[in-house]
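Naming convention: chains lettered A, B, ... in sequence-line order (proteins, then strands); numbering from 1 in each chain.
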There are 2 protein chains.
Amino acid sequence: MTAGTHATSGPARRSDATRAAILHAARERFAADGYERATIRAIARDARIDPSMVMRYFGSKDGLFAAAVSFDLRLPDLGAVPREEAGRTLAGHFVDMWEENGELTAMLRVGATNQGGAERMQEIFRDQLLPAVRQVCPDPEQVPARAALCAAQVLGLALTRYVLRFPPAVALSREEVVAWMGPTLQRYLTAPSP
Amino acid sequence: MTAGTHATSGPARRSDATRAAILHAARERFAADGYERATIRAIARDARIDPSMVMRYFGSKDGLFAAAVSFDLRLPDLGAVPREEAGRTLAGHFVDMWEENGELTAMLRVGATNQGGAERMQEIFRDQLLPAVRQVCPDPEQVPARAALCAAQVLGLALTRYVLRFPPAVALSREEVVAWMGPTLQRYLTAPSP
DNA sequence: CTCGTTGGCCAACATTTGTTGACGAACACT
DNA sequence: AGTGTTCGTCAACAAATGTTGGCCAACGAG
């Protein structure tokens with residue numbers, strides 16, 4: 001049990017486990033309830049510790065949120081796949097991303113609820129999606145608009161599927177989502193501007 | 001005691017103005033803040049009334065929300081336009097709808113925050129969008145999935161544009177939105193299933 | 001005018017929220 | 001051993017929230 005939480009060779013504090021438990025519980029609660037209804041007390045109860053520990057470790061509820069959802073989309077290098085496959089690649093990547101952990105749902109719920117959450121999503125869009133789109137869209141001037149359209153499509157599907165839970169959206173299989181959404185993203189990325 | 005609360009030709013109670021003021025303030029607050037942060041006290045203050053009046057008229061906060069956002073999408077009859085124009089028609093209609101009042105933004109914010117809000121959106125989807133899509137998509141079996149994809153695209157754009165406020169999404173003009181999103185909806189509505 | 005009904009405000013309630021500080025227990029080091 | 005630091009709990013705080021009931025002014029029919 002010599003581990004630091006992340007490889008930066010920390011002194012391996014005894015409380016790292018607790019810290020991780022809090023973060024884990026926080027992510028789940030934020031994803032399930034949104035910012036306001038995810039109370040510090042509930043998160044602390046899930047992590048089986050006292051609410052005051054949350055304050056001591058993360059300063060405030062905002063601090064906890066900031067620490068809980070620092071997110072890396074791990075976007076694939078769109079320059080490395082055939083141009084015509086960019087849309088499907090992106091679609092598949094996002095579905096996988098969304099299925100495998102609830103952090104993106106947390107971001108989405110909190111972004112819709114909370115000003116800070118919305119700003120966080122803007123940062124992710126600007127710092128991660130924009131550069132990726134820039135690799136397949138040659139005209140730099142059109143990159144922001146095209147990326148925004150892609151974001152709209154992807155977030156819209158996540159909204160209907162994981163938050164609003166429209167039954168037909170939930171029922172779609174991964175392959176169906178990719179087959180429908182892939183060409184849309186492809187068009188937003190590479191089709192001549194209409 | 002002849003009063004109906006909302007009969008179309010009611011006895012014109014003295015309090016109707018107040019009731020309307022409350023509903024107006026409630027819609028604005030729900031749209032701006034979401035369900036939890038839109039407090040009864042703030043709504044009452046906007047309507048220049050005592051918070052207890054809200055309770056008297058609408059019973060509870062849930063009751064107020066239910067009364068405030070009973071929404072009619074006023075979807076156009078998609079059977080009446082040329083089949084190839086269905087997508088653009090739908091896209092334009094939604095942009096207009098969203099621009100002209102904040103109720104849809106309220107629904108979206110509350111749907112992401114509140115269980116009741118999400119169910120309300122499911123009802124709107126089922127009772128209004130599904131029938132409209134049924135008029136352009138011949139195969140009844142595919143209607144729910146296609147409608148869900150349309151909803152995802154439309155709600156996604158609204159999310160990025162009016163809630164998260166991604167700058168490039170905000171910057172798009174009505175015509176650009178229709179030009180980009182119209183063909184997407186058209187494909188979801190009428191293209192052969194991929 | 002008189003009196004019941006309606007519209008409105010005020011004060012209070014119980015609960016829940018984020019947040020704080022005091023205090024004890026487990027550990028690390030000499 | 002002893003001692004200082006880390007980890008954790010308990011109890012309490014002030015503020016805000018939804019909600020309730022009582023009281024007063026204005027109105028309308030007799």
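Under the ring-ring contact (aromatic ring centres under 6.0 Å, His included) criterion, Tyr35(A) pairs with Phe30(A), Phe65(A), sequence neighbours left out.
When all heavy atoms are compared, the tightest approach of Gly102(B) to Ala31(B) is O-CB, 3.5 Å. Of all non-hydrogen atoms in Ile40(A) and Lys61(A), the two that sit nearest each other are CD1-CB, 3.9 Å.
Arg41(B) places its CZ atom 13 Å from the P atom of dT20(D), with the value rounded to the nearest Å. Regarding Glu36(A), its CD atom lies at a distance of 18 Å from the P atom of dT16(C), rounded to whole Å. Atom-to-atom, CD1 of Ile40(B) to C1' of dT15(C) comes out at 15 Å; the value is rounded to the nearest Å. To the nearest angstrom, P of dA16(D) lies 15 Å from CG of Asp33(B). What separates CZ of Arg19(B) from P of dT6(C) is a distance of 12 Å, to the nearest Å. Note: CG (Leu64(B)) to P (dT17(D)) measures 15 Å, nearest angstrom. When the P atom of dT17(D) is taken as reference, atom CD1 of Ile43(B) falls 11 Å away, rounded to whole Å. Atom CZ of Arg45(B) is separated from atom C1' of dC9(C) by 16 Å (rounded to the nearest Å).
Relative orientation of the Trp180(B) and Tyr188(A) rings is perpendicular, given thresholds of 30° and 60° on the angle between their planes.
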Write down the protein N/O and nucleotide N/O pairs, taken from nucleotides 4-9 of chain D, whose separation is under 3.5 Å; answer none if there are no such pairs.
{"unit_1": "dC7(D)", "atom_1": "OP1", "unit_2": "Ser15(A)", "atom_2": "N", "d": "3.3"}
{"unit_1": "dC7(D)", "atom_1": "OP1", "unit_2": "Ser15(A)", "atom_2": "OG", "d": "2.9"}
{"unit_1": "dG8(D)", "atom_1": "OP1", "unit_2": "Thr18(A)", "atom_2": "OG1", "d": "2.8"}
{"unit_1": "dG8(D)", "atom_1": "OP2", "unit_2": "Thr18(A)", "atom_2": "OG1", "d": "3.3"}
{"unit_1": "dG8(D)", "atom_1": "OP2", "unit_2": "Tyr57(A)", "atom_2": "OH", "d": "2.8"}
{"unit_1": "dG8(D)", "atom_1": "N7", "unit_2": "Arg56(A)", "atom_2": "NH1", "d": "3.0"}
{"unit_1": "dG8(D)", "atom_1": "O6", "unit_2": "Arg56(A)", "atom_2": "NH2", "d": "2.7"}
{"unit_1": "dT9(D)", "atom_1": "OP2", "unit_2": "Asp50(A)", "atom_2": "N", "d": "2.9"}

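The stretch residues 159-176 of chain A participates, sequence neighbours left out, in these salt bridge (Lys or Arg N to Asp or Glu O under 4.0 Å) pairs: Asp96(A)-Arg174(A), Glu99(A)-Arg161(A).
Within 6.0 Å of CD in Glu141(A) there are 12 or fewer heavy atoms belonging to other residues, nucleotides or ligands.
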